[in-house]
Amino acid sequence: MSGIDVRQLKYLVVAPSLAALGLNEPAAINLVTGTALAETRAVYLRQLNDGPALGLWQMEPSTHDDCWVNFLNFPAQRRFLTVLRGMLSPDLPKAAQLVTNLRYAAAMTRIRFYRVAENLPLADNAAAQSAYHKKYYNSCLGSANADANTGLFQQAIDA
């Protein structure tokens with residue numbers, strides 16, 4: 001099974017999307033790239049077995065909507081709101097664009113991580129990046145395995 005080339009995903013989608021938000025530190029770029037690999041191997045646009053998760057980053061619509069309602073819609077986040085609105089296509093609902101709009105989906109993944117109080121793990125620490133993903137993105141109930149996914153985060157770092 002093949003997916004999107006990791007280097008192209010990292011430098012043509014993730015890095016510019018995060019730069020637009022002003023949140024493009026190397027640790028974040030590697031974390032968002034690694035998350036796409038851990039969630040879907042950068043292959044699937046919809047969760048298998050009819051689950052609700054959408055896009056390469058497998059964000060659930062409820063998580064997406066929570067980012068908008070409980071974070072982005074406040075005056076302190078106006079800069080993010082302006083950038084994200086500029087990324088949206090007018091012909092689809094926002095959550096549906098997690099599938100069709102890679103730039104927006106990458107940016108929303110970064111917003112999800114930005115809301116976490118704990119600092120991002122070091123940019124070159126694949127094990128810490130994988131553990132952070134598991135704890136703050138996939139959750140204790142999710143099927144991700146931080147140990148098994150460390151190699152995927154290393155691929156994101158090495159890209």
Side-chain angles (χ1 to χ4, degrees), residues 1-45 47 53-60 63-64 66-68 70-72 74 76-88 94 97-159:
M1 176 183 336
S2 64
I4 295 174
D5 178 81
V6 178
R7 187 166 177 76
Q8 289 188 16
L9 179 65
K10 182 176 179 175
Y11 291 106
L12 299 178
V13 176
V14 175
S17 300
L18 275 52
L21 292 170
L23 299 174
N24 60 323
E25 58 272 22
I29 293 169
N30 291 341
L31 181 64
V32 172
T33 304
T35 297
L37 295 175
E39 292 290 329
T40 65
R41 306 301 189 263
V43 173
Y44 299 105
L45 295 174
Q47 187 172 350
L54 300 172
L56 294 182
W57 288 273
Q58 294 290 278
M59 183 176 282
E60 294 187 5
T63 300
H64 170 274
D66 179 69
C67 287
W68 277 91
N70 294 310
F71 181 71
L72 293 168
F74 290 91
Q77 311 317 327
R78 187 175 324 262
R79 67 185 172 118
F80 299 138
L81 185 66
T82 300
V83 171
L84 289 165
R85 282 187 176 148
M87 290 180 180
L88 289 167
K94 289 189 290 277
Q97 293 189 47
L98 295 171
V99 174
T100 62
N101 184 336
L102 292 177
R103 184 175 192 216
Y104 177 71
M108 286 303 295
T109 299
R110 179 63 183 104
I111 291 296
R112 174 68 190 94
F113 283 122
Y114 183 77
R115 295 177 69 190
V116 173
E118 184 179 334
N119 289 335
L120 294 176
L122 295 176
D124 62 352
N125 187 333
Q129 292 240 332
S130 185
Y132 194 93
H133 158 262
K134 172 63 180 166
K135 184 174 183 180
Y136 295 114
Y137 195 86
N138 187 259
S139 85
C140 61
L141 301 175
S143 63
N145 179 315
D147 291 333
N149 287 339
T150 297
L152 298 171
F153 282 88
Q154 189 63 53
Q155 286 180 39
I157 292 166
D158 293 341

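It should be emphasised that the depicted structure is a prediction, and the values quoted were computed from it without experimental measurement.
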Checklist entry - With side chains defined as the heavy atoms from C-beta onward, is the minimum distance between L54 and E60 less than 4.5 Å? => result no
Checklist entry - Are side-chain N/O atoms of Q154 and D158 paired as donor and acceptor at under 3.5 Å? => result yes
Next on the checklist: Within the structure provided, determine whether I4 and L102 are in side-chain contact (heavy-atom separation under 4.5 Å).
Outcome noted: yes
Item to check | Separation of F71 CZ from Q77 CD (nearest 0.5 Å) | outcome: 3.5 Å
Checklist entry - Distance from I111 atom CD1 to L21 atom CG, nearest 0.5 Å? => result 5.0 Å
Item to check | Check: A27 main-chain N/O paired with Q129 side-chain donor or acceptor under 3.5 Å | outcome: yes
Item to check | 4.5 Å side-chain heavy-atom contact, P16 and R103 | outcome: no
Checklist entry - Is a side-chain N or O of T63 found less than 3.5 angstrom from the main chain of M59, in a donor-acceptor match? => result no
Next on the checklist: Can you tell me how far apart OG1 (T35) and CG (L152) are? Round to the nearest 0.5 Å.
Outcome noted: 10.5 Å
Checklist entry - Are the side chain of K10 and the backbone of A156 linked by a donor-acceptor contact shorter than 3.5 Å? => result yes
Next on the checklist: Using only atom types and a distance under 3.5 Å, with no angle test, would you say the side chain of N149 pairs donor to acceptor with the backbone of S130?
Outcome noted: no
Next on the checklist: Would you say the rings of F80 and Y114 are close, in the sense that their centroids are separated by under 6.0 Å?
Outcome noted: yes
Checklist entry - Do the non-hydrogen side-chain atoms of L56 and Y44 ever get within less than 4.5 Å of each other? => result no
Item to check | R78 atom CZ, neighbour heavy-atom count above 12 within 6.0 Å | outcome: no
Checklist entry - Is a donor on one side and an acceptor on the other found under 3.5 Å between the side chain of N101 and the backbone of M87? => result yes
Next on the checklist: Can you confirm whether or not the ring centre of F113 sits under 6.0 Å from the ring centre of Y137?
Outcome noted: yes
Next on the checklist: Between W57 and V32 (side chain of the first, backbone of the second, donor and acceptor by atom type, cut-off under 3.5 Å), is there such a pair?
Outcome noted: yes
Next on the checklist: Between S17 and R110, is there a side-chain heavy-atom distance shorter than 4.5 Å?
Outcome noted: no
Next on the checklist: With heavy-atom distances below 4.5 Å as the criterion, would you say the side chains of E39 and H133 are in contact?
Outcome noted: yes
Checklist entry - Is K134 reaching over with its side chain to a backbone N or O of A144, donor-acceptor style, under 3.5 angstrom? => result yes
Checklist entry - Does any non-hydrogen side-chain atom of L31 lie less than 4.5 Å from one of Y132? => result yes
Checklist entry - Hey, is the main chain of A53 close enough, under 3.5 Å, to the side chain of Q47 for a donor-acceptor pair? => result yes
Checklist entry - Is there a donor-acceptor pair closer than 3.5 Å between any side-chain N or O of R112 and the backbone N or O of Y136? => result yes
